[in-house]
Amino acid sequence: MGGWAIAVHGGAGVDPNLPAERQEQAKQLLNRCLNLGISALRSNFSAIDVVELVVRELETDPLFNSGRGSALTAKGTVEMEASIMDGPKRRCGAVSGLTTVKNPISLARLVMDKSPHSYIAFSGAEEFAREEGVELVENDYFVTDENVGMLKLAKEANSILFDYRIPTAGMESCSVGAAAMGSPLQMNGLPISVYAPETVGCVVVDREGRCAAATSTGGLMNKMSGRIGDSPLIGAGTYACELCGVSCTGEGEAIIRGTLARDLAAVMEYKGLELQEAVDFVIKERLDEGQAGLIAVSKKGEVACGFNTNGMFRGCATEDGFMEVAIW
């Protein structure tokens with residue numbers, strides 16, 4: 001085995017005009033979460049325990065789009081979703097439509113550990129949370145003033161803020177409401193000077209070579225109530241097996257169509273690709289013009305990331321002392 005490795009992400013697609021102060025805040029959060037995971041791995045925590053621990057920390061901080069600070073539905077409420085997967089036996093748990101569960105990733109873990117199912121959603125998930133005694137809060141806890149303002153902009157532009165991504169050069173964007181918004185740079189009718197966060201995730205391989213992955217999100221800003229993205233879908237936004245662990249972020253519908261996370265594991269297994277080769281392959285060949293990114297680890301102790309957006313909030317570390325936090 002190659003020792004432990006860990007990676008975290010806070011979303012793909014970054015405003016190129018993102019203020020330096022906000023960039024620094026994001027880097028500090030990623031660094032804090034990496035160090036939390038590193039400390040746990042040095043204490044011989046299992047991979048599945050570490051991914052849950054790190055994503056809980058990301059859900060608690062309002063900077064990114066998960067837990068507190070989640071994107072708002074068209075109704076102004078929060079509907080969160082998450083999934084977790086333990087590689088050795090491909091055990092998994094997922095939840096959607098959460099409105100009161102403080103840490104969705106931990107409820108996903110309970111679905112995996114304490115229920116006969118893999119996926120529970122909406123009122124059934126909330127009922128299961130009450131039965132298991134997880135911490136519940138009012139929906140207002142998750143709502144931030146910043147996201148209320150962004151929802152207002154989205155409604156004025158009659159637009160969905162699509163996974164918060166910023167078009168790369170040459171990408172077309174919808175011009176609905178562009179004149180009204182008065183900005184020379186538009187994404188789906190919204191000025192890209194407005195910053196919004198993205199989905200979070202963590203992947204880990206521990207000293208025993210066990211891989212795990214976890215992903216959590218509030219979804220799209222101004223999404224229809226009931227919309228489910230890739231993050232809680234095993235094989236799309238999250239996947240872990242004996243070979244690797246993967247967490248994706250970006251254009252959920254494209255990730256779902258490409259079963260992106262599972263496809264990465266498949267090309268490693270069936271084509272014999274190494275981890276970074278597999279990451280590069282699926283980003284290039286499986287997104288069908290969609291915009292996304294991902295982080296991954298292998299049982300060998302390798303870590304890799306890839307994205308076709310202009311940036312992705314990310315950080316990674318390995319047992320041999322390598323550590324990096326980056327945006328662009």
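What you see is a predicted model, and the numbers here were worked out from it, not measured in a lab.
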Is the shortest side-chain N to carboxylate O distance from [X] to [Y] below 4.0 Å?
X: K284; Y: E277; answer: no
X: K102; Y: E59; answer: no
X: R91; Y: D113; answer: yes
X: R210; Y: D49; answer: no
X: R227; Y: E253; answer: yes

Shortest non-hydrogen contact between [X] and [Y], atoms and distance:
X: C211; Y: C241; answer: CB-O, 3.7 Å
X: A240; Y: R90; answer: O-CG, 3.6 Å
X: A296; Y: L264; answer: CB-CD1, 4.4 Å

Any side-chain heavy-atom pair of [X] and [Y] under 4.5 Å:
X: F307; Y: V279; result: no
X: I6; Y: V297; result: no
X: N147; Y: M221; result: yes
X: F313; Y: H9; result: no
X: E52; Y: I84; result: yes
X: N308; Y: L287; result: yes
X: F128; Y: L110; result: yes
X: V50; Y: S46; result: no

Are any side-chain N or O atoms of [X] and backbone N or O atoms of [Y], one a donor and one an acceptor, separated by less than 3.5 Å?
X: K271; Y: A266; value: no
X: K223; Y: E79; value: yes
X: E319; Y: R42; value: no
X: E285; Y: V282; value: no
X: R314; Y: I327; value: yes
X: N310; Y: V14; value: yes
X: D61; Y: L63; value: yes
X: S115; Y: H117; value: yes
X: N139; Y: V78; value: yes
X: E81; Y: G229; value: yes

Identify whether [X] and [Y] are in the same connected component of the hydrophobic contact network (ILVMFWY, side-chain heavy atoms under 4.5 Å).
X: L41; Y: L58; result: yes
X: V203; Y: F64; result: no
X: L275; Y: V267; result: yes
X: V204; Y: M112; result: yes
X: V51; Y: V325; result: yes

task = Step through the shown structure and confirm whether more than 12 heavy atoms of other residues, nucleotides or ligands are within 6.0 Å of CD on E242.
result =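 Incorrect, the count does not exceed 12.
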Measure the [atom1]-[atom2] distance between [X] and [Y] for me, rounded to the nearest 0.5 Å.
X: L29; Y: T60; atom1: CG; atom2: OG1; answer: 10.0 Å
X: T144; Y: M150; atom1: OG1; atom2: CE; answer: 9.5 Å
X: I48; Y: D206; atom1: CD1; atom2: CG; answer: 10.0 Å
X: T100; Y: E135; atom1: OG1; atom2: CD; answer: 10.5 Å
X: K114; Y: L107; atom1: NZ; atom2: CG; answer: 11.5 Å
X: M85; Y: S118; atom1: CE; atom2: OG; answer: 8.5 Å

Any side-chain donor-acceptor pair under 3.5 Å between [X] and [Y]?
X: W328; Y: Q23; value: yes
X: R56; Y: S106; value: yes
X: T217; Y: S66; value: no
X: S247; Y: T215; value: yes

request  = Hydrophobic side-chain clustering at under 4.5 Å (ILVMFWY, transitive links): who's grouped with I228? Put none if nobody.
outcome  =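 So far as hydrophobic clustering goes, I228 is joined with Y119, F122, L233, I256.
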query = Quick one: which of L36, L34, V200 gives a side chain to side chain contact (heavy atoms under 4.5 Å, CB included) with V8?
reply =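 That would be L34; it is the only one of L36, L34, V200 passing the side chain to side chain contact (heavy atoms under 4.5 Å, CB included) with V8.
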task = Kindly determine whether L72 and N222 satisfy side chain to side chain contact (heavy atoms under 4.5 Å, CB included), including the steps that lead there.
result = CA-CA 6 Å; L72 304 180; N222 200 26; over 6 Å; no
key: I234/S83 under side chain to side chain contact (heavy atoms under 4.5 Å, CB included): CA gap, chis, key distance, verdict   = CA-CA 7 Å; I234 300 301; S83 63; 4.0 Å; yes
task = Would you check, one step at a time, whether the test salt bridge (charged side-chain N to carboxylate O under 4.0 Å, His left out) holds for R22 with E146?
result = CA-CA 13 Å; R22 200 59 180 267; E146 183 176 46; 3.0 Å; yes
